[in-house]
Amino acid sequence: MIRARLIWPPHPFRAGFCITDDTDNADRARVKAVYDFLLERGFVTTKTVWPFKPMERCGIPLVPDSVLRGVTCEDGEYRDYCRMLSRNGFEICLHGASAGNNLREATELAFRFLDEHFGPSDTYICHSKNAENIYWEHKVTDRFPFSALLRLYSRHSCEGEMESSPFFWGDICARRINQVRLFRTRCTNTLARNPSMPYYDPRKPYVNGWFSATKRSLADCATPEALERLKKENGLTVLYQYLDRYADNTTMTLDERFTRGVENILDDGGVFVDTVSGMMKRLRACQGLFVVSGDDAFWIVNTGDEPVKDIQVVLGAGVSTMPPVTTPPGGDARLAGNTLVIDSVPAQSVTRYGVGAALSFSGERCKRLNKSRRLAWKLPLGGVYVNLSGGAWNAGPGLRVEPGSFQTNLPRSGTGALLHTTLPAAEEWRLLLGQMSIILREVVFKGRSL
């Protein structure tokens, strides 16, 4: 029996890398210096923007005015430059309507502005203590003792999910946004700390998905050694940065460690670079894939509404030959080294791949074919039911599964995507501990106030 595992990166990549660029304190000239370099190299990122200058200060109660600094899209040259970046594949997303508290009307205007000038983005990054931040401050978790500590030290009110608040925009978030950044980690492989991302949290129903980000320098995450580890782990770095700080204030020359890191990633050839939305879409698509293995074939169940392309099945060490793979008409699968590459798995499908050998798949979304040829995955929010037998299967109330098909009773998000993952308690604990260590590090070494 040949060991096998399905990995998330698209062929021919073994890992992924993306950057979320925070616009706090950004300067137009420095932004241009950094992004001219990234544009020339074809290294796309997700860049946050503020459409408007702040009409109010930030926070309830108010925080220092230092959090209000940074160029906005009311600067015409900056807006046009960001528009050009958007046309060239960069993602422009909101960091709030402005750096200050934003009433619902301002948030609505900001999304219309985004659509008009840059096109829609389904990623959102909250800013500081803005009153419209959603499930922020002490609402981040209800896990004790973290919840108690947050209530003790979080003295600000964030009300984006409160329907009675003038800062409420939860319904807009549910209709438009697929992922909001929450936890930070020091681990260079963000996916290793948050393998469930993007995940749905039933305690926070207005947000369709949450993701984490790595709080380190690009140089730390892009050494040849770090990239080799990332590929070995089939990981993903979601790096949280203030990219304009890599440009010198006077000369606009770029930090050598930053440029070398970018070149390392691009020269590697095995690391997939995309925007946050692109990466989260890929992860979400792979969350919707389920595998059934038999003696001479395996089936991939795609529960999603779109085809999943360039799927990779990595075979056990030393496997470089196997019998020809038989696929459905129009399908294509081929062996590349020790990896079986599948060009595309159709949407809403159960697809058989004849391999003439028994593959033993590892992973929680993989099952061995049983005698009944009927299989079920019980997930936190529902289930997936696959019928490979010759007769119909009544898997539960309202769940009649025809031969060669599947059914789910999973809920859908506000944007229509099936909700496959939530955040397990152990994973949340690890993320919370990591977040607390980052906060303590910033207080002790950088003198920041809680």
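The figures here come from the full heavy-atom set of this structure, side chains too, leaving out hydrogens, waters and symmetry mates.
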| In this structure, which one of V350, V292, V308, L6 forms a side chain to side chain contact (heavy atoms under 4.5 Å, CB included) with I300? | L6

| task | Kindly determine whether R104 and E108 satisfy salt bridge (charged side-chain N to carboxylate O under 4.0 Å, His left out), including the steps that lead there. | result | CA-CA 6 Å; R104 178 185 176 89; E108 290 177 318; 3.6 Å; yes

| Are side-chain heavy atoms of Y124 and I134 found at a separation under 4.5 Å? | no

| Does L399 offer a backbone N or O that forms a donor-acceptor pair with the side chain of Q407 under 3.5 Å? | no

| field | Main-chain N/O of N133 paired to E159 side chain as donor or acceptor, under 3.5 Å | value | no

| request: Please report the closest heavy-atom contact between L94 and A110, naming both atoms and the distance. | output: CD1-CB, 3.9 Å

| remark: Checking D24, N101, D22 against H127 for side-chain hydrogen bond (donor to acceptor under 3.5 Å, both in side chains), the one that qualifies is D24

| Which heavy atom in C73 sits nearest to a heavy atom in F118, and how many Å separate them? | SG-CZ, 3.9 Å

| request: State whether the side chain of N194 and the backbone N or O of T190 hold a donor-acceptor pair below 3.5 Å, judged by distance alone. | output: no

| message | With rounding to the nearest 0.5 angstrom, report the CG to CG distance, D122 to N208. | response | 9.5 Å

| message | One pair to check against side chain to side chain donor-acceptor pair (under 3.5 Å): E402 and N387. What are the steps and the verdict? | response | CA-CA 7 Å; E402 298 298 331; N387 183 10; over 6 Å; no

| Donor-acceptor contact present, side-chain S413 to main-chain T415, <3.5 Å | yes

| task | Would you indicate whether the side-chain heavy atoms of F183 and R430 approach each other to under 4.5 Å? | result | no

| message | Given 3.5 Å as the limit, does a donor-acceptor pair link the side chain of S389 with the main chain of G391, or not? | response | yes

| query | Does the side chain to side chain contact (heavy atoms under 4.5 Å, CB included) test come out yes or no for L114 and S121, once each step is laid out? | reply | CA-CA 8 Å; L114 189 78; S121 165; 4.2 Å; yes

| message | Quiz question: by atom type and distance under 3.5 Å, do the side chains of Y135 and D201 form a donor-acceptor pair? | response | no

| Charged tip of R181 within 45° of Y240 ring normal and under 6.0 Å | yes

| said: Check this for me, if you would: do R151 and D142 make a salt bridge, where the nitrogen-to-carboxylate-oxygen distance has to be below 4.0 angstrom? | reply: no

| query | Between the main-chain N or O of A226 and the side-chain N or O of T223, is there a donor-acceptor pair closer than 3.5 Å? | reply | yes

| query | Atom CD1 of I19 and atom CD of Q241: how far apart are they, to the nearest 0.5 Å? | reply | 6.0 Å

| query | How long is the gap from SG on C221 to NZ on K215, to the nearest 0.5 Å? | reply | 12.0 Å

| Can any side-chain N or O of N302 pair as donor or acceptor with the backbone N or O of L289 at less than 3.5 Å? | no

| task | Please find out if less than 6.0 Å separates the ring center of W169 from that of Y206. | result | no

| field | Check: E161 side chain, K204 main-chain N or O, donor-acceptor pair, under 3.5 Å | value | no

| request: Identify the heavy atoms of P145 and W429 that sit nearest to each other, and give their distance. | output: CD-CH2, 3.9 Å

| query | Hey, are the side chains of T351 and I342 touching, using non-hydrogen atoms and a 4.5 Å cut-off? | reply | no

| task | Determine whether E56 and L103 make a side-chain contact, defined as any pair of heavy atoms from C-beta on separated by less than 4.5 Å. | result | yes

| field | Test item: Y199 and L182 side chains (from C-beta on) under 4.5 Å apart, heavy atoms | value | yes

| task | Indicate whether the side chain of E428 and that of T141 have a donor and an acceptor atom separated by less than 3.5 Å. | result | yes

| remark: Closest heavy-atom pair, S277 versus T123, reported as atoms and distance to 0.1 Å, is OG-OG1, 2.7 Å

| message | Walk me through whether T188 and T237 qualify under side chain to side chain donor-acceptor pair (under 3.5 Å). | response | CA-CA 6 Å; T188 57; T237 299; 5.5 Å; no

| remark: All heavy atoms of C366 vs all of W377, minimum pair found to be N-NE1, 3.9 Å

| field | Worked verdict on R5 versus L359 for side chain to side chain contact (heavy atoms under 4.5 Å, CB included) | value | CA-CA 9 Å; R5 58 192 175 89; L359 301 186; over 6 Å; no

| Going by an N to O cut-off under 4.0 Å, is there a salt bridge joining K231 and D268? | yes

| Got a donor-acceptor contact below 3.5 angstrom from the N130 side chain to the C58 backbone? | no

| query | Is any side-chain heavy atom of V291 closer than 4.5 Å to a side-chain heavy atom of Y353? | reply | no

| remark: CH2 of W8 to CZ of R14, rounded to nearest 0.5 Å, is 12.0 Å

| request: Would you name the heavy atoms of I125 and T48 that are closest together and state the gap between them? | output: CG1-CG2, 3.6 Å

| field | Within-4.5 Å side-chain heavy-atom neighbours: Q348 and D305 | value | yes

| task | Starting from the C-alpha separation in whole Å, work towards a yes-or-no answer on side chain to side chain contact (heavy atoms under 4.5 Å, CB included) for F43 and I265. | result | CA-CA 9 Å; F43 192 107; I265 296 165; 3.9 Å; yes

| query | Could you walk me through whether T46 and C18 pass the side chain to side chain contact (heavy atoms under 4.5 Å, CB included) check? | reply | CA-CA 8 Å; T46 292; C18 63; over 6 Å; no

| query | What is the distance from atom CD of Q435 to atom OG of S212, rounded to the nearest 0.5 Å? | reply | 8.5 Å

| Does R143 reach the side chain of L432, with side-chain heavy atoms less than 4.5 Å apart? | yes

| task | Output the distance between atom NE2 (H138) and atom NE2 (H156), rounded to the nearest 0.5 Å. | result | 12.5 Å

| field | E427 side chain vs S196 backbone, donor-acceptor pair below 3.5 Å | value | yes

| So, are K232 and E228 salt-bridged, with charged N and O less than 4.0 Å apart? | no

| Are W299 and F406 close enough, and set up right, to give a ring-ring contact (aromatic ring centres under 6.0 Å, His included), and what steps lead you there? | CA-CA 12 Å; W299 292 257; F406 76 93; over 10 Å; no

